[in-house]
Amino acid sequence: MTQDSNRKFAFFVCHHKPGPLFRDEIFTPIQVGAALAKAPLPQCVRDDEGENISSKNPSYCELTALYWMWKNVDAEYYGLFQYRRFLNFKRIGAPSNTFNDFSREKVEQLGWTRPKIEAVFQQYDIVTSPRWNVHPVGLGHLVMSNYDFYAKEHNIRDLDAVIEVVKNKYPDVFPFLLRYLYSERCTFANLMAMRSDYFKSYAEWLFDVLFEAEKAIDISGYDFYQKRVFGFLSERLCGAYIDYLKATRGARVAEAGVVFGVFAKPVTDGAQALRNIEAQTAPARDYLVPERVHVTFAIDDTYAPHCGAAIASLLGNIHERQQLTIHILHDETLSPRSRGLLASLLRRPETQIDFIEIPAKDFEFFPNNRAHISRATYYRLVLHKVLPAEVKKTIYIDADVILADNICRIWVDLEDNFAAACADEGGVLQTRRLGLPLSHTYFNAGVCVFNLEKLRGCDADLLYLESYAYNRKLISLQDQDILNIAFCDKTKLLPLRWNANARLYRWNDLEYKYSETEAQDAALHPGLIHYTDSSKPWNPRCEHPLVSLYWRWRNETPWRRGALARLAFNLTAWRWRNRDFARQFERRMRPRVKAIGRLFTSQA
């Protein structure tokens with residue numbers, strides 16, 4: 001044991017790379033996998049000192065810290081957390097939330113203080129994360145048992161090996177494990193705080209089970225994610241053993257909300273990005289591709305003004321002699337007036353526009369499960385059929401974008417790939433949801449260079465249909481999911497700046513594959529700004545720092561705003577961004593307004 005023999009609370013926070021950390025008399029950062037690390041993490045204790053299994057970290061994850069705590073620390077209460085996941089001790093049962101720093105205010109707000117933690121453990125012996133419904137990411141309706149979900153996400157033989165160990169060695173725990181595995185709720189992430197006797201009992205049982213199961217589990221062919229197998233297995237064991245402690249030893253158990261750390265600072269001030277965009281305008285206009293470039297949009301009549309803004313920005317950033325054809329795929333709602341106004345934006349003989357009506361019935365088979373996305377999004381799936389045969393590739397662009405550089409820079413050689421696109425803002429989670437291999441980068445289909453020649457050379461209709469039909473229960477992002485399944489490992493990755501998503505400009509609590517350096521560069525030097533999600537720049541409540549760029553180009557179109565419309569929009573936007581002040585002001589003014597009203601009424 002360590003010298004902390006009189007320590008009451010020993011809560012350890014796992015770290016595996018540099019980043020924000022929190023340390024006080026209760027919380028201690030610990031470097032996990034320290035035995036394999038290239039360099040020590042400052043202010044962290046190491047999990048490779050004393051008795052340890054630090055070298056097992058690639059497959060045991062945060063459990064190397066749990067083992068180290070069990071073998072080397074003496075305390076009345078133990079806790080295990082991760083640098084981005086903590087329990088909220090302010091109030092048991094509080095909902096899950098996010099945090100961005102370890103400021104004094106945040107520590108107090110989340111109850112990471114001795115008085116709050118002591119108060120919790122006067123009532124409870126064990127505190128864990130909530131038992132959430134088990135379902136794939138973003139598919140809350142598709143509730144599954146723990147066992148079935150593990151079979152979907154991982155190798156079920158590994159869980160079967162664990163079940164066999166518990167059945168043979170711990171028959172008193174076995175019924176609780178079976179009940180837990182075939183229930184539809186689970187505590188994830190191995191977050192916990194326990195009284196000493198319960199913690200030591202759990203650790204002794206857990207590692208005996210895992211070490212025995214490890215003899216029957218072969219992970220030699222697993223990728224780096226699936227190699228975290230014993231961390232995944234322990235998530236299914238923890239809740240079962242706590243149920244056992246509660247039933248047989250009277251453990252008092254509580255569930256606390258999880259707070260997720262989101263530390264990658266977004267670009268919230270658009271001033272520098274706007275200056276960079278202005279500086280790259282002249283070089284953009286100097287870039288010329290020696291062939292005709294094809295760009296495609298898909299809209300209905302409601303999106304005509306926004307498509308107009310996108311086209312204006314596209315034309316404002318290309319070479320004046322660039323040969324360009326813009327294809328507009330649309331449904332029957334696009335009016336002759338809207339078509340005429342869109343066509344009026346093209347004022348050079350080198351540019352052409354082509355309107356192609358798409359029958360809506362062609363996509364009735366596919367789901368429409370996003371309120372802010374119309375069925376026009378599915379028009380991407382027929383590009384190979386509806387565009388002229390001589391068009392070998394096209395750059396598809398969503399209509400809720402603004403160009404900040406020359407689009408011809410991504411008129412790339414697609415080689416043998418189906419498409420080229422940028423990584424999505426939550427792509428890691430989407431990859432796992434769809435069960436795609438980690439070698440594939442889940443892309444955002446809002447900006448996508450399609451290899452029409454390759455699509456025509458295969459049965460693309462059947463490819464799309466099978467991609468949906470075989471995975472229909474897992475589809476939540478409509479045709480984007482279908483395209484990622486169909487083009488798996490056959491997609492060329494574009495620099496992120498060509499699809500600068502909205503989450504680059506606000507805190508992003510999703511998991512993504514691009515680096516923080518890429519995110520910052522894309523946000524500050526965007527080639528294309530994509531106003532993803534439901535909050536669009538034409539909505540006064542949109543808080544995107546580059547809203548003004550949308551209106552700068554929208555006002556170059558026939559859908560420009562007049563002075564009164566601009567004033568009304570700005571007033572509504574100001575009121576929304578200063579809503580707390582506005583509410584207080586209105587509350588204070590309401591009695592005065594009523595008094596004035598009564599005065600006029602009495603005089604009348």
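The residues of the chain are indexed from 1 along the displayed sequence.
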Between Asp481 and Tyr442, does a side chain to side chain donor-acceptor pair (under 3.5 Å) hold up when you go through it step by step?
-> CA-CA 9 Å; Asp481 281 349; Tyr442 184 96; 2.6 Å; yes
Could you go through the side chain to side chain donor-acceptor pair (under 3.5 Å) check for Gln520 and Thr517 one step at a time?
-> CA-CA 5 Å; Gln520 285 283 312; Thr517 301; over 6 Å; no
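For the pair Thr64 (side chain) and Val32 (backbone), a donor-acceptor distance under 3.5 Å is absent. Between the side chain of Asp223 and the backbone N or O of Gln226 there is at least one donor-acceptor pair closer than 3.5 Å.
Here salt bridge (Lys or Arg N to Asp or Glu O under 4.0 Å) pairs that include residues 119-128, with residues two or more places apart or in two chains, are Asp125-Arg195, Asp125-Arg252. Contacts classified as salt bridge (Lys or Arg N to Asp or Glu O under 4.0 Å) and involving residues 37-65 (residues at least two apart or in different chains) are given here: Arg46-Asp48, Glu51-Lys71, Lys56-Glu214.
Ring pair Phe232/His154 is parallel by interplanar angle, where below 30° counts as parallel and above 60° as perpendicular. Ring pair Tyr78/Phe199 is parallel by interplanar angle, where below 30° counts as parallel and above 60° as perpendicular. Using cut-offs of 30° and 60° on the angle between ring planes, the pair Phe149 and Phe188 is perpendicular.
With contacts defined as side-chain heavy-atom distances shorter than 4.5 Å, the pair His440/Asn484 qualifies.
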Taking distance alone, no hydrogens or angles, what donor-acceptor pairs closer than 3.5 Å link side-chain atoms of residues 255-268 to residues at least two apart or in another chain?
residue, atom, partner, partner atom, Å
Glu255, OE1, Arg131, N, 3.3

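For Tyr77 and Phe121, the ring centers are positioned less than 6.0 Å apart.
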